[in-house]
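All residue numbers refer to positions in the sequence shown, counting from 1. First listed ligand is number 1; within each ligand, the first listed atom is number 1.
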Amino acid sequence: MRIVCIGGGPAGLYFALLMKKLDPAHEITVVERNRPYDTFGWGVVFSDATMEGMRAWDRETADAIEVAFNHWDDIELHFKGHVIRSGGHGFVGIGRKKLLNILQARCEALGVELLFETEVDSDEDFPDADLIIASDGVNSKVRNKYAEVFQPDIVTRPNRFIWLGTTQLYDAFNFHFEKTEHGWFQSHVYKFDDQTTTYIVETPEDVWKAHGLDEADTGQSIAFCEKLFAKYLGGHPLLSNARHLRGSAWLNFQRVRCRNWHHFNGKSHVVLMGDAVHTAHFAIGSGTKLALEDAIGLTRLFKEAKAAGGGGAGDIPAVLQRYQAEREVDVLRLQNAAWNAMEWFEVVGTRYCDQLEPEQFMYSMLTRSQRISHENLRLRDANWLEGYERWFARRAAAQAGVPAPLTAAEPANVAPAIKPPSPMFTPYRLRGMTVPNRVVVSPMAVYSADQGMPNDFHLVHFGSRALGGAGLLYTEMTCTRPDARITPGCAGLWNDAQRDAWKRIVDFVHTNSAAKMGLQLGHAGAKGSTQLGWQKMDEPLESGNWPLVSASAVPYLPVSQVPREMSRADMDRVTADFVAAARRGAQAGFDILELHCAHGYLLSSFLSPLTNRRADAYGGPVENRARYPLEVFAALRAVWPEDRPISVRLSCHDWFPGGNTADDAVAIARMFKAAGADIIDCSSGQVVADQKPVYGRMYQTPFADRIRNEVGIPTVAVGAIFEADHVNMVIAAGRADLCAVARPHLADPAWTLHEAAKIGHAEIGWPLPYLSGRSQYEANLRRAAAMAAGAQA
Ligand SMILES: Cc1cc2nc3c(=O)[nH]c(=O)nc-3n(C[C@H](O)[C@H](O)[C@H](O)COP(=O)(O)OP(=O)(O)OC[C@H]3O[C@@H](n4cnc5c(N)ncnc54)[C@H](O)[C@@H]3O)c2cc1C
Ligand SMILES: Cc1cc2nc3c(=O)[nH]c(=O)nc-3n(C[C@H](O)[C@H](O)[C@H](O)COP(=O)(O)O)c2cc1C
């Protein structure tokens with residue numbers, strides 16, 4: 001095969017050498033515009049795992065890199081005068097120039113032709129090539145030429161960064177944060193040889209502009225950074241090796257992904273590789289890893305084709321198809337993690353720096369990509385994590401006004417004997433209510449009431465979940481009137497008999513567990529008068545429908561009833577119903593009230609512009625749309641006992657064009673906070689039927705995070721939180737204060753007790769009659785863990 005690599009970065013060089021090694025008969029040329037020793041940028045990092053992969057494919061290259069690289073385990077944060085360090089992170093740092101020189105030397109030794117100082121204008125300059133690798137970097141000419149085929153999706157991100165170096169040396173991966181009168185700057189700092197350290201400085205565009213850095217040349221920019229970060233530089237200069245670049249040395253990161261990765265130009269097969277086809281932000285330092293793994297991935301497929309008796313030019317189309325199909329998945333996973341990490345650094349100045357204490361800030365930073373979980377941090381550095389858990393437990397105890405689980409008086413250098421509780425198992429207080437842990441049974445309709453009356457099913461349902469260890473249990477959306485119900489099976493609270501039936505349940509929960517009990521109150525609006533959840537959900541009843549009201553006359557489904565737009569008199573009546581239900585709820589002994597303003601039900605229909613088309617003072621801008629829900633809230637706050645909190649559940653995103661987004665949710669949460677809400681329960685969607693939500697693990701937690709840290713109000717995270725590890729991550733990082741868990745509680749009423757056992761949290765009380773079940777359960781878990789460890793060994 002005749003192969004040409006356009007661009008001699010890590011992707012082009014590594015692929016060339018691997019393919020030459022695979023079959024010395026291949027004729028391979030790498031064409032590079034720069035000279036062999038020219039390169040911009042400083043060091044790159046990749047993980048130990050990438051090194052292992054490289055070793056398997058070419059030991060010589062891996063050996064040469066290993067001699068030249070710097071390995072370190074620790075991450076050190078410098079923030080608000082604190083220095084916090086944790087270990088076990090396993091990085092390899094190497095100068096980009098050194099890495100390229102190793103790859104170039106190996107290419108030459110294997111017989112790859114290297115053409116330097118040659119600018120390639122077009123892939124068509126190589127008509128005799130069977131395969132052309134477009135490894136020409138983020139600004140790939142080849143990708144741009146065939147943009148219609150490759151369909152690149154390029155997003156330019158808002159932060160500005162400058163890639164500098166310094167002769168100051170550090171013995172860990174450092175992050176330095178400094179505040180100016182205009183905002184926060186951060187630097188990512190890692191050593192890559194005996195004399196030099198990479199020093200990337202980053203800040204949001206508005207802060208950058210406010211300092212006039214858009215007008216500054218490279219020298220002035222360096223002088224600014226040297227002054228700002230002087231205390232970390234110990235008198236050493238910051239250096240640039242990109243002075244040859246015209247204009248500002250400050251860049252914006254560009255996230256590249258492509259729909260198609262390969263193309264036949266009439267003579268040769270052209271395939272994109274490395275930064276030309278995908279980029280990953282330096283916040284998780286994996287662009288080089290992806291480039292090297294692309295090279296490995298494509299070589300492996302040619303190797304497999306060869307083993308099957310082929311491996312020549314005829315196999316190229318099939319190999320390229322598999323290359324894209326296989327690599328795309330890994331790349332997407334890494335790009336998602338890199339995206340989270342990048343966003344963290346984009347918002348850190350407004351969302352976390354001024355809000356979080358250094359200890360929690362460190363935790364938040366370490367888990368920024370959402371790939372490193374709580375238990376993963378324990379594997380990396382158990383001591384550091386335990387110290388953090390201890391810190392967190394003391395904070396939580398102080399917040400909750402309960403004695404700290406461990407004596408605060410221990411000498412700092414003596415580890416206390418007792419293991420601190422995981423963040424999930426710390427208490428939390430809202431007004432006069434203290435929950436024993438952070439797990440909430442999310443409100444869930446069980447469609448088992450008759451005439452709104454809770455019955456023995458509800459008693460057993462809530463009773464078993466209270467015995468199952470959750471800290472707070474919510475009722476389903478409990479309706480304020482018969483015509484406020486979603487279905488004929490929904491529970492209500494519009495008469496005294498219902499109040500007394502609820503009281504029996506609340507009393508059981510209080511008497512037999514440490515759990516608190518919450519009442520979710522709602523009105524179905526346009527989504528009322530429908531069939532039970534396991535029938536034709538959201539569709540009208542076959543018979544016996546009742547008339548509906550909503551913010552506007554907008555039906556939920558084409559088959560739905562068209563609701564009547566609420567009049568002022570309707571509003572007053574509904575508010576009065578809410579007030580009466582809340583009064584009864586207080587009498588029944590509920591500890592917290594949640595006002596359901598989510599999922600397209602009545603109050604939600606006011607909040608969303610998709611369902612609110614009103615022309616009066618209750619429609620239009622978000623302040624108007626929130627007006628009626630806020631009126632209801634104020635009326636409830638006036639009658640709900642002062643020492644009991646009120647929560648508000650919001651749909652924080654409508655997942656539909658023209659609908660509410662997280663920005664609106666922040667504005668709405670701010671208004672509820674001003675009105676006296678204690679906590680915002682951050683759900684999303686279900687406002688319009690043709691929504692397009694983006695599901696995934698903990699997918700709504702970013703809303704809870706944003707509202708908590710930008711608005712400054714406690715939040716509940718909910719949605720695909722299904723392991724203790726998730727709860728710990730969310731709570732420990734300060735992304736939310738409580739975690740609501742819905743479907744897992746339908747599958748397992750004792751979800752909390754079981755999760756506690758799985759992570760070895762012993763200090764949770766099981767109901768005394770169940771103790772022998774506990775010991776067997778825990779013994780079985782230990783046995784399974786021992787067997788899994790044995791199988792691994
Ligand atoms: C600030 C910053 C920090 C980074 N830190 C890390 C890190 O810590 N870890 C990490 O893994 N990655 C990091 N990266 C990303 C990393 O540098 C790239 O992902 C990686 O170099 C991609 O390799 P590549 O071979 O695809 O492209 P490149 O390394 O960009 O190589 C492309 C090559 O093609 C040449 N070329 C382009 N066009 C032509 C043409 N028309 N004719 C001839 N030659 C051409 C270029 O001169 C260049 O040598 C960082 C990037 C930035 C911006
Ligand atoms: C059967 C069922 C009924 C639900 N009923 C309600 C409800 O009455 N009120 C409410 O706010 N959310 C309701 N939800 C939504 C859940 O509270 C929760 O937000 C959602 O299921 C996501 O959490 P999960 O991924 O843990 O299941 C319901 C969910 C399910 C599965």
Side-chain angles (χ1 to χ4, degrees), residues 5-15 30-34 38-47 50 91-94 96 99-100 115-122 134-142 161-164 188 190 192 198 200 202 251 253-254 272-292 294-295 440-447 474-478 486 490-491 520 522 533-534 537 594 596-599 601 649 651 681-686 695 698-700 716 718-722 739-746:
C5 300
I6 303 176
L13 290 169
Y14 198 48
F15 179 71
V30 178
V31 193
E32 166 58 46
R33 62 155 72 109
N34 291 332
D38 270 357
T39 181
F40 70 94
W42 299 88
V44 292
V45 284
F46 39 86
S47 66
T50 310
F91 292 105
V92 174
I94 186 167
R96 176 175 160 95
L99 173 69
L100 294 185
L115 279 183
F116 291 103
E117 297 179 73
T118 308
E119 174 80 29
V120 177
D121 285 322
S122 162
S135 47
D136 50 347
V138 63
N139 298 316
S140 173
K141 265 189 198 169
V142 179
F161 69 91
I162 184 167
W163 201 353
L164 302 171
H188 309 238
Y190 49 96
F192 63 88
T198 301
I200 304 170
E202 189 191 10
L251 305 171
F253 174 72
Q254 293 197 310
L272 300 173
M273 188 178 278
D275 273 11
V277 64
H278 48 61
T279 53
H281 191 258
F282 55 85
I284 61 165
S286 289
T288 308
K289 164 197 158 81
L290 284 181
L292 296 169
D294 281 355
V440 177
V441 176
S442 200
M444 277 182 290
V446 288
Y447 312 103
Y474 271 112
T475 66
E476 65 190 85
M477 182 176 112
T478 302
I486 311 169
C490 289
Q520 189 188 54
W534 50 85
M537 192 166 167
E594 178 164 282
H596 198 343
C597 297
H599 303 168
Y601 297 115
R649 182 166 253 211
S651 279
D681 186 350
C682 300
S683 186
S684 75
Q686 298 174 53
Y695 292 117
M698 302 182 278
Y699 72 105
Q700 292 170 155
V716 182
V718 62
I721 295 174
F722 50 83
C739 286
V741 175
R743 289 164 296 171
H745 273 120
L746 293 182

Can you see which heavy atom on [X] is nearest to which on [Y], and at what distance?
X: F192; Y: I94; answer: CB-C, 3.7 Å
X: H599; Y: S684; answer: CD2-O, 3.9 Å
X: W163; Y: I200; answer: CD1-CG1, 3.4 Å
X: E32; Y: G7; answer: OE1-C, 3.7 Å
X: P10; Y: R96; answer: CD-NH1, 3.9 Å
X: G8; Y: V30; answer: CA-CG1, 3.6 Å

Q) Side chain, backbone, both or neither: which part of V44 comes within less than 4.0 Å of ligand 1 when only heavy atoms are counted? A) both
For ligand 1, find out whether one of its N or O atoms is nearer than 3.5 Å to an N or O atom of [X].
X: I200; result: no
X: V45; result: yes
X: G12; result: no
X: F161; result: no
X: W163; result: no

Q.
Checking D294 against V277 for the side-chain contact (heavy atoms from CB on, under 4.5 Å) test, could you report, in this order, the C-alpha distance in whole Å, the side-chain angles of both residues, the deciding distance, and whether it holds?
A. CA-CA 10 Å; D294 281 355; V277 64; 4.2 Å; yes
Q: Report yes if some heavy atom in the side chain of C490 is under 4.5 Å from a heavy atom in the side chain of M477; otherwise report no.
A: no
Pull out every atom of ligand 1 sitting under 4.0 Å from any heavy atom of [X], numbered as shown with elements.
X: E119; result: 40 (C), 41 (N), 42 (N)
X: K289; result: 11 (O)
X: G137; result: 27 (O), 30 (O), 32 (C)
X: G274; result: 26 (O)
X: D136; result: 32 (C), 34 (O), 37 (C), 38 (N)
X: Y190; result: 5 (N), 8 (O)
X: S135; result: 32 (C), 33 (C), 34 (O)
X: A11; result: 25 (O), 26 (O)

To the nearest 0.1 Å, how far is [atom] from its closest protein heavy atom, and which atom is that?
atom: atom 29 (C) of ligand 2; result: M444 CG, 3.8 Å
atom: atom 14 (N) of ligand 2; result: P443 O, 3.3 Å
atom: atom 10 (C) of ligand 2; result: R649 NH1, 3.3 Å
atom: atom 8 (O) of ligand 2; result: M477 N, 3.0 Å
atom: atom 27 (O) of ligand 2; result: R743 NE, 2.6 Å
atom: atom 21 (O) of ligand 2; result: A742 CB, 3.4 Å
atom: atom 1 (C) of ligand 2; result: A445 O, 3.9 Å

Q. Of all the heavy atoms in T118, does at least one lie under 4.0 Å from an atom in ligand 1?
A. yes
Q.
Looking at ligand 1, is there an atom of it that comes within less than 4.0 Å of some heavy atom belonging to H188?
A. no
Heavy atoms only: which of [options] lies closest to [atom]?
atom: atom 22 (C) of ligand 1; options: V277, V142, L115, D275; value: D275
atom: atom 10 (C) of ligand 1; options: L292, V30, T288; value: T288
atom: atom 41 (N) of ligand 1; options: T198, V120, I162; value: V120
atom: atom 23 (O) of ligand 1; options: P10, G8, G7; value: P10

Q: May I ask you to decide if the ring planes of H596 and Y601 are parallel, tilted or perpendicular, using 30° and 60° as cut-offs?
A: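 Because their plane-to-plane angle is over 60°, the rings of H596 and Y601 count as perpendicular.
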Any side-chain to backbone donor/acceptor pair from [X] onto [Y]? Under 3.5 Å, distance only.
X: S135; Y: I6; result: yes
X: D136; Y: K141; result: yes
X: E202; Y: H188; result: no
X: Y190; Y: G43; result: yes

Q: Mind checking whether A598 contacts ligand 2 via backbone (N, CA, C, O), side chain (CB onward), both or neither, at a 4.0 Å heavy-atom cut-off?
A: neither
Out of all atoms in ligand 2, which are within 4.0 Å of some heavy atom of [X]? Include the element for each.
X: A720; answer: 24 (P), 25 (O)
X: S442; answer: 16 (C), 17 (O), 18 (C), 19 (O)
X: V718; answer: 18 (C), 19 (O), 23 (O)
X: Q520; answer: 7 (C), 8 (O), 9 (N), 10 (C), 11 (O)
X: P744; answer: 26 (O)
X: G719; answer: 22 (C), 23 (O), 25 (O)
X: H596; answer: 9 (N), 10 (C), 11 (O)

Q. At a 4.0 Å cut-off, with the gap strictly under it, does some heavy atom of E594 reach an atom of ligand 2?
A. no
Taking atom [atom1] of [X] and atom [atom2] of [Y], what is their separation to the nearest 0.5 Å?
X: L292; Y: F15; atom1: CG; atom2: CZ; answer: 13.5 Å
X: Y695; Y: Q700; atom1: OH; atom2: CD; answer: 8.5 Å
X: M537; Y: I486; atom1: CE; atom2: CD1; answer: 8.0 Å
X: M444; Y: L746; atom1: CE; atom2: CG; answer: 4.0 Å

Q | Pair R649-S442, side-chain donor/acceptor within less than 3.5 Å | A | yes
Q: Sequence neighbours left out, what passes side chain to side chain contact (heavy atoms under 4.5 Å, CB included) with D275? Give chain and number order.
A: V138, T279
Q: Using the test salt bridge (Lys or Arg N to Asp or Glu O under 4.0 Å), find all partners of R33 that sit at least two apart in sequence or belong to another chain.
A: E119
